[in-house]
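Computed from a predicted structure; not experimentally measured. Residue numbering restarts at 1 for every chain, and letters A, B, ... go by the order of the sequence lines.
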Protein chains: 2
Amino acid sequence: MSDVARLAGVSKMTVSRVMAGQSASEATRERVQRAIDELGYVADAAAGALSSGRSSFVAVLVPSLSSSNFSDTVSGLTAVLEPQGLELLIGDTDYLPDREERLVRQMLRHQPRCIALTGSRHTAATRALLQRSGVPVVEMWDLPAEPIDMAVGFSNVNAAREMVRYLADKGHRRIGFLGGASDLDRRGIDRLKGFQLETKALGLDRDRVVRLGESPITMSHGAPAMAELLSRWPDTQAVMCVSDMSAFGAIMECQRRGLRVPADIAVAGFGNFEIGACCHPSITTVSVDAYGIGQRAGEAIVAALGAADGGGRRTVKTRTPYAVVPRESA
Amino acid sequence: MSDVARLAGVSKMTVSRVMAGQSASEATRERVQRAIDELGYVADAAAGALSSGRSSFVAVLVPSLSSSNFSDTVSGLTAVLEPQGLELLIGDTDYLPDREERLVRQMLRHQPRCIALTGSRHTAATRALLQRSGVPVVEMWDLPAEPIDMAVGFSNVNAAREMVRYLADKGHRRIGFLGGASDLDRRGIDRLKGFQLETKALGLDRDRVVRLGESPITMSHGAPAMAELLSRWPDTQAVMCVSDMSAFGAIMECQRRGLRVPADIAVAGFGNFEIGACCHPSITTVSVDAYGIGQRAGEAIVAALGAADGGGRRTVKTRTPYAVVPRESA
DNA sequence: TTGAAAGCGTTACCAA
DNA sequence: TTGGTAACGCTTTCAA
């Protein structure tokens, strides 16, 4: 920066102001800009953050970057935060709470303006770390009873219950559930819980549950899970899957066996992934607005940052919509 | 840090050394650690970077985070770089060179130890920026004739040619190609180029090309593209798609029309996505080791960082393997 | 509108 | 093994 200042014949402060877009005469601004371009000067963000006491980072932690649901959420966050001059520090927890804790600790070192987490289950140390740091927190994809700070999401339990009611309304009584074997995917567990609560409420058979495959359960797990379900309960009329991915795998297994979907067996998914709209038969699912969760979270973050210096109030919980999307498969 | 030092009864320097894992007596180390825990002290990364002159960031730019190919590459990078204490600064260029330029400029502000880019097409300004910065660069997913610095990937042109030969060996003469309409997906363009070169070399019809949909072409585009191809060249025997995603959409369209794959028409994909292995019929494809590209890129980065202080040599180009994977669809 | 000085929290370097 | 001092490159603050 000294080099730029020297070349432009001004002080460092003037260079700093020009870069920040603050008041400066047009002539000065131009000379400084010319010097910047000539030298290819790029300001050091670490020095800026240290000096001003505020970084431009927002930390985002998702369980898996390869799930389109979560990468859509990241896109939504990007769309809102980037225009504010904020940068995303993205981390992938791999569904592991310990890894989340390590990543939170690591990201805290960069003094992020806010931290966006997925879900509401965190280690005690993670919560303590966040509380102590004083950094605003948004929990996404769930509506925890006691959020750390802010939350943007929906009740996976209730969304799953709605799908059960949809299937029951279609006349199905013997309904199965296909989910992952691991308890780490809390949203998956909540959907299973919703299945169990609603089948009980409706007086339906609650036992037809197959849990198979590590989080995140992918389409590869759908087929063996379906096979297992059919071998244990051959008279099953409808199957609800923890996601469209597993539903797709399940439907493929049905096709291999010559079972018609939905004539012989109905199959429903969850999450409204692109595959469910394209495949044949198309998959009845629950749409959840993954991108919108990111957007809303971004808006909550911007509001919280504004409130910090403006003294305004912040929204604590934002409920995002979900809806059963009837298609061909159920 | 002063607080920790005071509480532990040592100097700031000792605290710094304990945190860096440098020489310190066991007793001191323990007292300092206790103070750190008690105060919940988290070191400021910006100050550390400023002082030491080196950050712990590696910047990674991919065209799209929601493509499993690229998120697999990011996983590969993470697996290698995280154990080295490096952190990924991930950016999504959305296939736009201008956006890439903006992101490169932004990431350069954080003084990354290395920058990993996707592909070999960049704006002149991007190249200039990178050259001036002196930061090591890895270009992934391609083998440019003149890499900026290092490169890890394979020739998409040659990989596509191999698929054409595979289809020709199966006896197909009238082969079509389904790709995206935009020129931004350079890997897609290279695959099309490979298709055209090899069909010409084999004396086959080169005109059966349908380009439809923005980058990245997804499964939703496969169906209309297939429909277009069939309406223009109804006697097509085999179709090669720019990715498994579009191949899947194309196959769905065939099923809707009652066309049997591969009996009536063969369909091949590219990239070995999970869907190709699960769906029915399973999709013949070209496997490309997306995760391995990330790993190798990570190793190249570690080597380059080591070479910087060790004086060793760095690998310039790393060729990653690809192979036609015969399945049911072609 | 511009400039000078102080200081942000850490690490490098040298001395004890 | 430990501590003091300077310095990293910028922004804040105050003064001109």
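- Rounded to whole Å, atom P of D:dG9 lies 16 Å from atom CG of B:D44.
- Within the 4.0 Å cut-off from OP1 or OP2 of D:dC10, at least one side-chain nitrogen or oxygen of A:Y41 is found.
- A donor N or O paired with an acceptor N or O is found under 3.5 Å between the base of C:dT11 and the side-chain atoms of B:S51.
- Between the P atom of C:dG3 and the CZ atom of A:R6 lies a distance of 14 Å, rounded to the nearest Å.
- Among the heavy atoms of the strands lying under 4.0 Å from A:A43 are primed sugar atoms or P, OP1, OP2 only; no base atom is included.
- Within the 4.5 Å cutoff, side-chain heavy atoms of A:L130 are placed close to those of A:L117.
- The stretch residues 9-17 of chain A touches DNA chain D through A:K12, A:M13, A:S16, each having a heavy atom within less than 4.0 Å of the strand.
- In this structure, B:Q111 places its CD atom 11 Å from C1' of D:dC8, rounding to the nearest Å.
- The CG-P distance, from A:L50 to D:dT11, rounds to 11 Å in whole Å.
- For the side chain to side chain donor-acceptor pair (under 3.5 Å) with A:E100, the qualifying choice from A:R105, A:H122, A:R121 is A:H122, the only one to do so.
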Practice problem: Check the pair A:S120, A:D142 against side-chain hydrogen bond (donor to acceptor under 3.5 Å, both in side chains), reporting the backbone distance first and the verdict last. | Solution: CA-CA 7 Å; A:S120 52; A:D142 197 0; 2.8 Å; yes
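- Partner A:I301 forms a side-chain contact (heavy atoms from CB on, under 4.5 Å) with one of A:V80, A:V137, A:I115, A:V58 and no other, that one being A:V58.
- The aromatic rings of A:F57 and B:F57 lie tilted to each other, with the angle between the two planes from 30° to 60°.
- Between the C1' atom of C:dT11 and the CZ atom of A:R109 lies a distance of 12 Å, rounded to the nearest Å.
- At the phosphate of C:dT2, OP1 or OP2 sits under 4.0 Å from a side-chain N or O atom of A:S25.
- The residue B:G48 sits close only to the backbone: its heavy atoms come under 4.0 Å of sugar-phosphate atoms, none of a base.
- Atom P of nucleotide D:dG9 and atom CE of A:M1 are separated by 11 Å, given to the nearest angstrom.
- Between A:R102 and B:E82 there is a salt bridge, since at least one side-chain N of the basic residue sits less than 4.0 Å from a carboxylate O of the acidic one.
- Put simply, CZ on B:R54 is 9 Å from P on C:dA12, counting in whole angstrom units.
- No salt bridge links B:D37 with B:R34; every basic N to acidic carboxylate O contact stays at or beyond 4.0 Å.
- Close to D:dG9, at under 4.0 Å from its OP1 or OP2, lies no side-chain N or O of A:S2.
- Separating the CD atom of B:Q22 from the P atom of D:dT2 is a distance of 12 Å, rounded to the nearest angstrom.
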